[in-house]
Amino acid sequence: MRGAPTLLEVYNSLSGRKEEFWPLEDRVVRMYVCGITPYDVGHLGHARVFVFFDTVRRYFEFNAYRVRHVQNITDVDDDMVRVSQRLGLTIAELTERNQQLYLQEMDALNVQRPDLFPKASEHIDGMIALVQALLRSGHAYGVDGYVFFDTATTPRFGALAGHDREGLRHVRNDSMPQEPEELKRDALDFLLWQPSEQAGAAFDSPWGRGRPGWHIECSAMVHAALGDRIDIHGGGSDLRYPHHDSEIVQSECATGAAPYVSLWMHIGTELLEGVKMSKSLGNLVKVSELLVRGHTPDGIRLYLLGTPYREQQDFSPAALSQWEQRAATLARAAAAAGGPPDRLRVQPLRNEFTAAMDDGFDTPRAIAALLRIADGVERQRLAGETAVPALLELAGVLGLRLGREG
RNA sequence: GGCCACGUAGCCAAGUGGUAAGGCAGAGGUCUGCAAAACCUCCAUCGUGGGUUCGAUUCCCACCGUGGCCUCCA
């Protein structure tokens with residue numbers, strides 16, 4: 001059973017092509033977005049992901065869908081342990097501190113809060129249950145307090161990466177992850193549970209005191225919050241493999257429900273002067289800094305939505321400034337009187353906006369339609385009484401305020 | 001090696017099967033005591049080679065180049 005198809009066609013990372021979007025349940029969209037690991041402050045790359053999925057949500061809501069939006073917080077993680085120890089904080093304190101900073105930035109950017117913000121540490125039981133199910137069904141095996149997923153038991157592993165098992169072996173791998181390779185049956189197997197005694201990151205389990213592996217948390221939280229199968233799973237493109245591929249096999253093998261996710265959406269990387277923005281490199285542009293420098297939430301949102309979401313985006317001050325000018329244009333038009341009554345000539349531009357969004361969330365094209373409405377209002381070719389409300393409504397779908405509160 | 005993108009003027013960048021928005025920089029001009037600001041004007045045949053077509057920058061193929069992911073990372 002599934003709901004009626006929308007007019008939407010969206011690129012699915014799993015199939016590698018555009019597909020009609022069919023929600024599992026009519027008029028409802030179950031959407032899970034991989035969120036932050038709060039060991040440090042975020043940057044524009046994070047903001048891009050969350051602004052984009054906020055826009056996806058707003059567009060579904062604009063089309064009278066109910067969106068069940070869940071975004072996790074990874075508070076059980078090696079970096080969390082390391083940073084909390086260095087700062088002399090508990091993991092809970094570190095989480096709270098960075099989560100608040102994150103929320104302040106997202107609030108400033110007019111990102112609606114997800115319905116649920118589950119923390120990994122609150123779903124340990126669910127993870128253990130999934131691991132037990134995998135052990136029972138023979139998809140996992142335990143060794144010396146470790147539990148590994150047995151990738152030989154499913155042909156699906158590597159589907160997102162675009163490889164079969166043999167192909168995965170040829171994937172370049174310069175630096176080894178911190179997994180005890182010698183305990184694995186196969187190098188492709190991945191960790192579900194590991195021994196741990198670190199304060200704040202150690203939990204009782206059937207396999208002894210320990211903590212979960214790197215991928216199982218999302219499966220558990222999706223399961224708990226949204227069910228065995230969901231409509232949309234999103235995140236940065238750097239999570240595609242191995243994180244999301246691992247999630248697929250874990251979840252499908254544990255629950256028997258497939259496909260785990262109908263539509264996989266991956267957001268292109270944010271670059272700074274041609275180099276990927278990442279915490280490890282330290283080449284970060286932070287939202288809070290941009291705001292302090294006088295940039296506006298609308299300008300930043302327009303910038304982030306001004307590149308097709310699947311493409312990488314290269315930040316530069318000049319590019320952002322250009323979007324600030326456009327934000328000012330839109331705000332000016334929103335406050336303008338416009339021309340005389342015109343029999344709804346704004347309608348073709350409305351249609352262009354929705355056609356763009358229906359075409360795989362083509363936000364750059366949608367923005368172009370908005371700018372054309374603004375231009376029409378300013379040149380008095382569109383009637384203020386119809387075009388200005390249309391402008392405000394459609395801009396709102398992109399999360400733009402246009403100088404208005406709220 | 002695989003996957004995903006990109007390659008448009010000095011720079012950033014939009015876009016379209018019928019000879020290409022905009023912004024920055026630059027040049028000229030209006031204005032001004034000078035300058036600034038503002039405004040006006042000027043400045044590209046779209047990586048290379050093929051193919052499809054009456055016609056391609058726009059579709060297809062190949063190639064070259066760039067970047068990202070494939071390893072904790074949004």
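Here is how names work: the chains are called A, B, and so on, in the same order as the sequence lines, proteins then strands, and each is numbered from 1. Predicted, not measured: the structure shown is a model, and the values here were computed from it. Every heavy atom of this structure was used, including side-chain atoms; hydrogens, water molecules and symmetry mates were not.
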Start with the C-alpha gap between A:V49 and A:F53, add the side-chain angles, then the distance that decides, and say whether side-chain contact (heavy atoms from CB on, under 4.5 Å) holds.
CA-CA 6 Å; A:V49 171; A:F53 283 107; 3.8 Å; yes
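- At least one test fails for A:R211 against the ring of A:F203: distance under 6.0 Å to the centre or angle within 45° of the axis.
- Between B:rG67 and A:K276, no contact under 4.0 Å exists linking OP1 or OP2 to a side-chain N or O.
- Here CG of A:D75 is found 6.0 Å from CE of A:M80. Values are rounded to the nearest 0.5 Å.
- Across all strands shown, A:I267 has no heavy atoms under 4.0 Å from either base or sugar-phosphate atoms.
- Remark: C1' of B:rA74 and CZ of A:F315 are 17 Å apart, rounded to the nearest angstrom.
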Can you give one letter per nucleotide of nucleotides 3-10 of chain B, 5' to 3': B if a protein heavy atom sits under 4.0 Å from the base, S if only from the sugar-phosphate, - if neither?
SSSS----
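- The base-pairing partner of B:rA38, taking Watson-Crick or G-U wobble contacts with both distances under 3.5 Å, is B:rU30.
- Comparing the C1' positions of B:rU32 and B:rC24 gives a spacing of 25 Å, expressed to the nearest Å.
- The residues A:R82 and A:D79 are annotated as salt-bridged, a charged nitrogen and a carboxylate oxygen being separated by less than 4.0 angstrom.
- Counting non-hydrogen atoms under 4.0 angstrom, A:H43 reaches a base of the nucleic acid.
- The nearest whole Å value for the distance from the CD1 atom in A:I367 to the C1' atom in B:rG15 is 15 Å.
- When both pairing distances are held under 3.5 Å, B:rG65 makes a Watson-Crick or G-U pair with B:rC6.
- The pair A:D186-A:R169 meets the salt-bridge criterion, since a charged nitrogen lies less than 4.0 angstrom from a carboxylate oxygen.
- Summarising the geometry, the separation between CZ on A:F53 and C1' on B:rA74 is reported as 10 Å, rounded to the nearest angstrom.
- The nucleotide B:rU53 finds no pairing partner, because no Watson-Crick or G-U wobble arrangement with both distances shorter than 3.5 Å includes it.
- Look at A:R365 and A:D359 and you find a salt bridge, because one of the NZ, NE, NH1 or NH2 atoms lies within 4.0 Å of a carboxylate O, short of that distance.
- Regarding A:L320, its CG atom lies at a distance of 14 Å from the C1' atom of B:rC24, rounded to whole Å.
- Side-chain atoms of A:Q71 do not come within 3.5 Å of backbone N or O of A:P114 as any donor-acceptor pair.
- Across the protein-nucleic acid pair, A:Q322 atom CD and B:rG23 atom C1' stand 4 Å apart, rounded to whole Å.
- The distance between atom CH2 of A:W214 and atom C1' of B:rC70, rounded to the nearest whole Å, is 16 Å.
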